[in-house]
Amino acid sequence: MQNPINPHENYENTLREIGYVPLNKATQEDYDRIGFMSGLEVHQQLLTKEKLFCHCPAGVFQNSDDYDAELIRHMRPTLSELGEYDGTALMEFRTRKEIIYHIKNVTTCTYEVDDTPPFSINREALGISLKIAMLCKMNIVGEVHITRKQYLDGSIPTGFQRTAIIGVGGELPLSHKKIRLIQLSIEEDSCREISDIGHVRVYKTDRLGMPLIEVVTHPECVNPNEVAETCNYIRFLNRSTGNVRTGMGASRQDVNVSCAGGSRVEIKGVSRIKWIPKLTHNEAFRQWALLAIRKKLLDRISDYASWKTDWSYIDKKVLRLQLMEKEGGQKYKVVAVNLPGFAGILSHFLQPGKTFADELTNRLKVIACLEKPNMTHSEDFMQMISPFEWDKIKEILGVKKGDAQLIFWGPEEDITTALETISERCRMAFEGVPKETRKSYPDGTTIFERVLPGADRMYPDTDSAAIPLSNEYIEQIRNNLPDDVIIFYHRLKEWEVPEDTFTYIFRKNLFPVIEKIHTQLRVFPKFTGLFFGHRLKYVEGHYTASPDFNYDLIFDLFSFLKKEKLQFDLAVRMLPLIYEHPNMDFNSILESIRFRKSSKDDIAARIGFLKQRFMKDHKSESPDACTNWIMGQLRRVAEGNVDLRELRKRIIQV
Amino acid sequence: MADDIFQGYKGRALETLMKYNIRVWGQVEIDSTRGKFLGTVLPRAENDDDLHIVVKIPTGYNIGIDIDTITGIIETGYKKAVYKIPEKEFPYTKGLPKVKLLGTGGTIASRLDYRTGAVIPAFSPGELYGAVPELAKICNLTTEKLFAVFSENMGPEQYKKLAVAIGKEIENGIDGIIIGHGTDTLHHTATALSFMVQNPPVPIILVGSQRSSDRPSSDAALNLQHAAYAAGHGDIAEVMVSMFGPTSDEYGLLHRGTRVRKMHSSYRSTFRTIGDTPLATVTTKGVKPIKKEYNHRRKDRKVVITPVFEEKVAMVYYYPNMFPDIIDSLVDNGYKGIIIAGTGLGHVNKPIYPAIERAAKKGVHIYMTVQTLWGYVHMFVYDTGRDLMAKGIVPAANMLPEVAYIKLGWALGQTNVPEEVKRIMLTPICDDITKREPYNGYLVYQGGLPEVEEFIKKFHK
């Protein structure tokens with residue numbers, strides 16, 4: 001039997017059929033055509049000394065191999081408050097994972113591993129979360145109720161995250177539109193995963209329990225760049241309080257994406273905002289492609305209720321998979337599955353370089369715990385099996401024209417779950433886009449992570465009492481709020497600070513320092529803005545910061561220059577030294593850069609002599625060339641002593 | 001109360017609900033000075049204040065709304081939640097042992113209670129099967145709910161009823177018995193049953209959970225499976241406690257009912273055998289004895305049930321500067337027996353002596369145990385000890401204080417004759433007193449020591 005489908009051709013054809021365009025060529029019309037819709041859940045760690053529900057230190061981290069003890073847990077699904085089991089919970093239960101926690105005494109107590117009930121909530125964290133909720137213009141709750149949100153992946157040893165709503169509603173004023181918010185919650189951070197192989201998943205507990213907030217937006221972004229802009233705005237707003245953590249992993253976002261007729265799919269834990277456009281773009285088109293697959297399948301098989309797979313164990317004598325034997329040894333079973341009517345589907349385009357078959361292989365890994373590579377199929381780009389072997393397998397399965405086949409392998413005890421997983425996912429293809437969470441890769445593609453949990457996984461925390469928020473307490477916080485980021489934005493615009501510096505300024509929360517230098521020292525904000533946004537950014541990229549360096553030192557520097565009646569330009573030369581040696585006094589720094597104080601007149605006095613010298617050698621050159629040459633000669637002594645623009649004027653005058 | 005439409009609300013919060021004509025489980029839109037809130041009104045815990053209304057918002061979270069900020073509420077719908085563990089008929093499997101689960105309450109199976117905001121027990125074979133389907137592979141389980149009380153409310157009445165119920169089950173040919181129990185006083189009940197049910201032909205396993213079964217990481221399911229296995233398949237026919245060995249989900253320990261004690265307020269591995277090794281380890285694959293000597297499972301039904309208890313027995317935890325009136329008041333209030341948990345080898349200070357003398361003369365039975373929990377009472381080592389014995393205190397060897405308390409109540413339930421009481425008290429039953437303390441009966445390792453740290457790292461906690 002000849003294979004009628006050419007996988008590569010089919011991939012390219014289906015890519016064209018659904019009208020996929022790459023991100024850099026896509027226009028708003030493309031997104032409108034597929035009904036792009038996206039919203040965010042932005043997580044931000046708060047800068048507190050201790051964790052949220054115990055007194056362990058926050059922000060102390062360990063290497064994965066550095067631990068004092070380990071313990072094992074298994075997670076079981078339980079009923080929600082409303083008496084329902086959660087879909088994710090049931091999926092996780094089916095995977096039968098053994099969860100191992102690596103514990104280090106300095107960062108973990110008996111609370112994190114669920115052997116002690118929670119202590120009362122960290123008030124410092126509560127205060128910061130209220131501040132941010134108010135900056136988001138939210139409706140603040142009257143009483144904070146700690147809720148348990150089930151997570152059966154083991155990322156939290158209790159099997160649930162303690163979380164509570166601080167505010168609902170609210171909005172973000174982006175430069176061209178408003179994005180409405182759903183809610184802000186305070187929650188404990190989860191474990192960091194060390195590994196996940198077969199039925200064993202290993203976590204470390206250093207990050208577990210650190211205070212975190214989550215800001216959730218409505219799905220109102222209509223293109224990938226808008227999602228990134230919204231995310232940036234939330235990040236800048238969080239940072240404007242000065243009370244949040246920065247650095248790798250301190251802020252992470254889950255991005256919700258759907259296309260018209262698709263489903264809400266959550267891309268989890270995106271740690272860099274610059275990855276968002278590509279991820280959301282690809283996800284919307286993946287859903288668009290799945291809808292195309294749905295249509296194709298329904299055209300072929302209208303009554304899919306009776307659709308089912310046929311399968312058979314394959315004797316290793318019939319088929320020798322070298323790769324599989326290397327991976328799993330002799331104990332592995334090989335199973336061939338026939339997917340009726342799925343010809344052309346397995347190699348159907350879903351994401352750049354990814355096809356429908358990838359959905360199957362990833363679910364096999366996550367749900368049935370079959371390590372990849374765990375399968376091959378009749379439309380694989382790289383055929384692992386000869387056409388002759390395929391023919392034998394097709395004969396065993398008794399296939400018909402228009403069917404597709406796959407072969408997977410794994411330990412015997414996982415075969416049943418694997419078969420269920422395959423047939424479940426194929427069945428979903430008749431229905432459209434499964435609601436799921438997906439894990440992102442830097443190349444902009446995503447893979448299946450879990451079934452999307454619903455509201456059914458919420459349960460009141462019976463271990464803690466509700467926390468009332470009085471009007472007085474709320475007003476006290478409200479009176480100490482920083483200005484809105486959008487106000488900073490408009491003010492920087494007014495000051496004519498170039499826009500290419502904004503991201504850096506907001507990301508580092510530098511606006512308050514710029515403003516302080518402006519109001520107290522009367523330095524032009526445009527100069528300070530550039531100084532931070534270009535000079536400091538450059539220095540940060542090229543020098544190593546001392547741990548003692550902080551941005552207030554730059555205020556001190558400008559203040560020193562003003563007092564000494566020196567030009568602020570000098571700051572540029574001083575900056576790298578201050579950055580590396582913040583404890584050096586400014587006078588010593590001036591010495592180190594060989595700066596000598598001279599009066600304006602002393603410097604100006606040299607102009608006449610220099611001019612003569614230049615004219616002697618370069619009679620034919622333009623006056624501009626002369627001025628430039630003299631500026632070059634004088635720059636070193638002039639910088640800091642006179643305004644260089646003023647000096648230039650004087651050169652021309654002489 | 002099914003028809004209470006304002007569950008848990010009182011005072012001003014209740015007035016607010018009534019003012020706007022809002023029911024619990026009503027779907028509402030609330031306008032307040034802090035903005036608009038949408039959700040479903042939930043019941044409120046009885047002990048919470050009367051200043052807030054609890055609402056479940058559409059994302060599933062609960063919030064409280066300050067009634068003083070409310071400017072209006074409209075009810076737009078009504079949806080009552082029914083919290084129910086899916087009940088499935090417990091399947092009968094031919095060839096598996098018959099095990100009876102006697103329910104007393106506690107957290108082994110539980111659900112949310114809106115009245116207190118805490119969890120309350122839920123219990124039926126169907127519910128248990130729904131929650132822990134693995135049980136059906138271990139045994140044919142039937143259940144009987146004897147009472148639904150929290151652990152701290154268990155007392156002599158319940159001990160006696162339990163003993164009688166156990167006797168009846170044994171007579172009816174059961175292969176093993178599980179008793180579901182809250183953990184706080186699990187060891188008191190285990191001790192009481194060790195005395196009241198002697199020479200049982202089948203295992204009697206007391207089990208609880210340190211994390212209620214409404215939590216994904218609960219130890220309830222595994223504890224229950226261990227108990228079912230030990231009860232149905234184990235060879236040790238004694239009254240035992242089956243709870244986690246380590247805090248990890250790995251194996252359980254079977255502790256003798258008279259030597260076990262809850263040693264941590266919240267750990268999963270809280271139950272420890274004191275002054276001896278546990279009887280065995282248990283997993284869902286089998287019971288592995290640690291001790292060589294134990295009572296084996298038998299075919300006969302010869303069990304001795306002695307369901308008696310004198311309630312006027314007290315336990316006094318001695319502290320420096322204790323005044324004699326503590327003892328006096330017990331005597332004056334008609335107490336017939338006193339267990340003292342003394343310091344060190346079993347001491348109290350001189351000012352107490354006259355009170356002890358007085359009590360003994362009035363016929364009160366006084367026994368000495370040690371606060372140190374580990375080790376024996378040794379009243380010959382110091383003069384104070386000799387004086388105390390002369391005044392009528394009987395040393396109770398290495399009986400745990402709680403065990404001595406239960407045993408004295410049980411003994412006084414049978415006789416009031418001092419010599420007879422003393423005979424019962426000092427005759428070892430189920431190792432409540434052991435003749436010797438093995439070197440590995442006292443192991444309280446100290447963290448920080450390199451060899452201990454090495455051990456901790458090597459084995460799952």
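All values reported here derive from a predicted model rather than from experimental measurement. Chain letters run A, B, ... following the sequence lines, proteins first and then strands; every chain starts at 1.
Around atom OH of A:Y473, more than 12 heavy atoms belonging to other residues, nucleotides or ligands sit under 6.0 Å away. The number of heavy atoms from other shown groups lying within 6.0 Å of NZ (A:K435) does not exceed 12. Taking a 6.0 Å sphere around CD of B:E454, one finds it holds 12 or fewer heavy atoms contributed by other residues, nucleotides or ligands. Counting non-hydrogen atoms of other residues, nucleotides and ligands closer than 6.0 Å to NZ of B:K36 gives a total above 12. Annotation: B:K457, atom NZ; neighbour count of heavy atoms from other residues, nucleotides and ligands within 6.0 Å is above 12. Residue B:K10 places its NZ atom among more than 12 non-hydrogen atoms of other residues, nucleotides or ligands, all under 6.0 Å distant.
One side chain, A:D115 or B:T247, offers a donor N or O that lies under 3.5 Å from an acceptor on the other.
Once rounded to the nearest 0.5 Å, the distance linking OG1 of A:T147 with CD1 of B:I63 reads 10.0 Å. The line from CZ of A:R148 to OH of B:Y61 is 14.5 Å long, rounded to the nearest 0.5 Å. Between atom CE of residue A:M75 and atom OG of residue B:S218 there is a gap of 11.0 Å, rounded to the nearest 0.5 Å. Separation of atoms CD1 (A:I146) and CG (B:N62) is listed at 11.0 Å; rounding is to 0.5 Å. In this structure, the separation between CG on A:N139 and OG on B:S32 is 6.5 Å, given to the nearest 0.5 Å.
Interface remark: A:Q183 contributes side-chain atoms only to the contact with chain B (heavy atom separation under 4.5 Å). Of the two parts of A:N105, only the side chain, counted from C-beta on, holds a non-hydrogen atom closer than 4.5 Å to a non-hydrogen atom of chain B. Within the 4.5 angstrom heavy-atom criterion, no atom of A:I166 approaches chain B. Looking at A:Y101, neither its backbone nor its side chain comes within 4.5 Å of chain B, counting heavy atoms on both sides. When heavy atoms are compared at a cutoff of 4.5 Å, A:L469 approaches chain B by way of both its backbone and its side chain. The contact between A:S185 and chain B is made entirely by side chain atoms (from C-beta outward), counting heavy-atom distances below 4.5 Å.
Residue A:I165 comes nearest to B:I57 through the heavy atom pair CG1-CD1, 3.8 Å, listed as atom of the first residue, atom of the second, then distance. A:P468 and B:H52 make their closest contact through CB-CE1, 3.7 Å (heavy atoms, listed as atom of the first residue, atom of the second, distance). In terms of heavy-atom proximity, B:P216 sits nearest to A:F160 at CD-CD2, 3.8 Å. Between B:F37 and A:I140, the shortest heavy-atom distance links the atoms CZ-O, 3.5 Å.
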Evaluate A:V141 against B:I65 for side-chain contact (heavy atoms from CB on, under 4.5 Å), listing each step before the verdict.
CA-CA 6 Å; A:V141 302; B:I65 296 169; 5.9 Å; no
May I have the step-by-step check of side-chain contact (heavy atoms from CB on, under 4.5 Å) for A:L71 and B:E250, ending in yes or no?
CA-CA 9 Å; A:L71 59 88; B:E250 281 201 310; over 6 Å; no
Would you please test A:V113 and B:K461 for side-chain contact (heavy atoms from CB on, under 4.5 Å) and show each step?
CA-CA 11 Å; A:V113 295; B:K461 259 180 78 61; over 6 Å; no
For A:H145 and B:K56, what are the C-alpha separation, side-chain angles and deciding distance, and is it a side-chain contact (heavy atoms from CB on, under 4.5 Å)?
CA-CA 10 Å; A:H145 283 246; B:K56 179 175 283 293; over 6 Å; no
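Contact annotation: the side chain of B:D49 approaches that of A:E143 to within less than 4.5 Å [non-hydrogen atoms, C-beta and beyond]. The shortest side-chain heavy-atom distance between B:V132 and A:R76 falls under the 4.5 Å cut-off.
Taking the side chain to side chain contact (heavy atoms under 4.5 Å, CB included) definition, one finds that A:D114 meets it with A:R73, A:T158, B:R211, B:R215, B:S217, B:R268, sequence neighbours left out. With sequence neighbours left out, B:R261 forms a salt bridge (Lys or Arg N to Asp or Glu O under 4.0 Å) with B:E402.
Taking the charged nitrogens against the carboxylate oxygens, A:E70 and B:K458 have no contact shorter than 4.0 Å, which rules out a salt bridge.
With chain B as partner, the option from A:I467, A:V216, A:T163, A:I99 having the largest number of non-hydrogen pairs under 4.5 angstrom is A:T163. Per-residue counts of heavy-atom pairs under 4.5 Å with chain B were compared for A:V144, A:I100, A:I182, A:N471; the largest is that of A:N471.
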